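For reference, the structure discussed in these notes is given below.
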Amino acid sequence: MTEKRAVITYVRPGSIAAEMGICPGDILLTVNGEQVTDFIVYRYLTADENLEVEVAKPDGERWILEIEKDYGEDLGLEFASATFDGLRRCRNKCIFCFVDQMPLGLRSSLYVKDDDFRYSFLHGNFITLTNLKPEDWDYIFRWHISPLYISVHTTNPLLRNKLLGNPRAGEIMTQLKRLAAAGIVMHTQIVLCPGLNDGPELERTIKDLGGLFPAVQSIAVVPVGLTSSRKHLYPLRRVTPEEATAIIDQIEVWQASFRRRYGCGLVYGADEFYLLAGLPLPPAAYYDEFPQVENGVGLTRLFLDDFDAALAHAEPRPDGPRRIAIATGTLAAPLLKELLPKIKAKAGELELMVVPVTNHFFGPEVTVAGLLTGRDLIEGLKGTVSWLRGKEGWVLIPDVMLKREAPIFLDDLTPEVVARELGVKVEVVPTNGKGLIAGCCGIEMEESFCPNQ
């Protein structure tokens, strides 16, 4: 076990901690006599009005600080990581694990398999519950770690053992019932692998999870993601358009039943099923409160509704571009092409082109924009460059292609490099309808990359 060290990296100026002389580099040891093991515990322990805080200075000196404050008032500390004893790693051998399918040569952080319940609570990461120890269960119940995001995939014990490659995986229903009894809210997902956990198995899983409402607040069904780097791995295949249609029908029957019983849909199909089947996206009401939008469930509906609202208020800039190439993955390209007439009707003489970019890095089976690399963009846009240069046009790319913390693609190329190699301007726009409208109508974006940068 990694030593628990709450190393302070930042102290907000004017905060309680700054006034007490706490500095970056100090180590927070205890609050009211309890060890601070992670950011969750830190927030809980420091919520009280009267605190006794123990801090270790870099020279080894220890300070005991008596603090009086308002309830819930933050001390003003930041840490290098949310967990002070490292990251709980995954102990499964999932037959569909995306990390196992990734090509070599990417930054090391992309190959980390995490399965940490604390990050599930803090950031919505999906966990499997297979690595929980007795003390972890005690922690969850004591601090009421809720909600949790849980990868279920199937409630059939033997099948889940197979899917996850872990003999403990079959305990899932016992674990979910234990969490439900403790009042822990859960959002669950089923990664659907054709021929394995679909059909009757999917029926069983939805029925079992639905029986745990209201503790289980959502069930997302998402298609398995496959790359071209699946050598020596379990033989899997993608969902076909016909299967996608059948899955949608299956989900919608269950959703109608849940609405009658619970007043909410509870189970939701990923956008990819609808796009793959060529079916219209459901209205916003289908998704209730959009509980799993970060999992690709309802994101396209939000995009379309946001697009219509933004278009109604758009004011094209006279000196904006006359030609724009909208780069995206092959999955979303048909949908975006349907929106072009609406944009053209608003923006006058604007010439638009949607460029579906094939993913050569992960393989053409990977069709979403968020997994395109900088090199994929360069290759995919080469044939569009001369058309753009004719009227000083530019390329729009959604920010989902870039790392959240910095403008870097998965292959560590930057938009500046893409712009320079193509010789055209590259605009990064938010991955929503408003961002698309702003980019097309010439409204200046925060991130713009020119070929001479």
Side-chain angles (χ1 to χ4, degrees), residues 96 98 101-103 106 110 191-192 222-230 237-241 244 269-281 293-304 306-307 324-340 343 352-385 394-404 407-415 418-419 422 426-433 435-437 439-440 447:
F96 49 81
F98 196 82
Q101 307 176 63
M102 291 173 59
L106 299 174
L110 294 174
V191 173
L192 194 133
V222 302
V224 63
L226 305 176
T227 77
S228 58
S229 301
R230 286 193 55 82
R237 63 175 177 82
R238 294 187 67 207
V239 175
T240 66
D271 299 358
E272 190 170 343
F273 287 127
Y274 289 88
L275 296 174
L276 184 60
L279 296 174
L281 271 295
V293 68
E294 295 294 331
N295 202 14
V297 181
L299 188 63
T300 308
R301 169 47 57 199
L302 288 177
F303 177 92
L304 292 173
D306 188 54
F307 173 87
I324 293 177
I326 304 166
T328 187
T330 54
L331 180 67
L335 181 71
L336 292 182
K337 287 179 180 178
E338 293 179 5
L339 302 180
L340 296 191
I343 302 175
L352 295 172
M353 178 188 298
V354 173
V355 182
V357 178
T358 300
N359 196 318
H360 296 290
F361 190 83
F362 289 107
E365 299 88 355
V366 177
T367 58
V368 295
L371 291 176
L372 289 169
T373 66
R375 185 55 56 188
D376 288 329
L377 279 178
I378 293 170
E379 293 300 318
L381 289 165
K382 279 183 177 179
T384 311
V385 168
W394 63 47
V395 175
L396 294 185
I397 65 170
D399 59 5
V400 72
M401 293 184 184
L402 304 175
K403 188 177 178 181
R404 184 173 297 179
I408 301 173
F409 293 99
L410 285 170
D411 56 359
D412 286 342
L413 266 64
T414 64
V418 173
L422 291 174
V426 173
E427 286 271 6
V428 179
V429 298
T431 311
N432 53 39
L436 177 62
I437 294 296
C440 290
E447 295 181 287

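Not measured: the values here are computed from a predicted model.
The shortest heavy-atom contact between S228 and G363 is OG-CA, 3.5 Å. The nearest pair of heavy atoms linking R375 to D411 is N-OD2, 3.0 Å. In plain terms, the two heavy atoms of V355 and G380 that are nearest each other are CG1-O, 3.7 Å. Contact detail for L331 and P334: the closest heavy-atom pair is O-CD, 3.5 Å. The shortest non-hydrogen separation linking V418 to G374 is CG2-O, 3.9 Å. Contact detail for L276 and A244: the closest heavy-atom pair is CD2-CB, 4.0 Å.
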Take T300 and Y274 through the test side chain to side chain contact (heavy atoms under 4.5 Å, CB included) and record every step on the way to the result. CA-CA 10 Å; T300 308; Y274 289 88; over 6 Å; no
Can T367 and N359 be said to form a side chain to side chain contact (heavy atoms under 4.5 Å, CB included), step by step? CA-CA 7 Å; T367 58; N359 196 318; over 6 Å; no
Pair V429, L436 - check side chain to side chain contact (heavy atoms under 4.5 Å, CB included), show working. CA-CA 7 Å; V429 298; L436 177 62; 5.6 Å; no
With side chain to side chain contact (heavy atoms under 4.5 Å, CB included) as the test, would you mind laying out the steps for I397 and L372 before giving the verdict? CA-CA 11 Å; I397 65 170; L372 289 169; over 6 Å; no
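Residues passing the side chain to side chain contact (heavy atoms under 4.5 Å, CB included) test with T431 are P398, D399, V400, sequence neighbours excluded.
Of the possible polar contacts, none joining the E365 side chain to the L226 backbone as a donor-acceptor pair under 3.5 Å is found. Between the side chain of E272 and the main chain of V222, no donor-acceptor pair closer than 3.5 Å is present.
Here the CG atom belonging to N432 is positioned 11.5 Å from the CZ atom belonging to F307, to the nearest 0.5 angstrom. From M353, atom CE reaches atom NZ of K337 across 9.5 Å, with rounding to the nearest 0.5 Å. Taking CG of L336 as the start and CG of L396 as the end, the distance is 10.5 Å to the nearest 0.5 Å. Annotation: the span from E379 atom CD to L422 atom CG amounts to 9.5 Å, rounded to 0.5 Å. The line from OG1 of T373 to CG of D412 is 10.5 Å long, rounded to the nearest 0.5 Å. One distance of note links CZ of F362 with CG of L410; it measures 5.0 Å at 0.5 Å rounding.
Here the side chains of W394 and I324 are in contact, with some heavy-atom distance below 4.5 Å. You'll find the side chain of L281 stays beyond 4.5 Å of the side chain of F303, heavy atoms only. Contact of the F98 side chain with the V191 side chain is not registered, since no non-hydrogen atoms from C-beta on lie closer than 4.5 Å. The closest side-chain heavy-atom distance from L402 to P415 is below 4.5 Å. In this structure, the side chains of C440 and I326 come closer than 4.5 Å at one or more pairs of heavy atoms. Residues T358 and D376 are not in side-chain contact: their nearest non-hydrogen atoms beyond the backbone lie 4.5 Å or more apart.
A side-chain contact (heavy atoms from CB on, under 4.5 Å) with L335 is found for one member of T328, L304, D271 and no other, namely L304.
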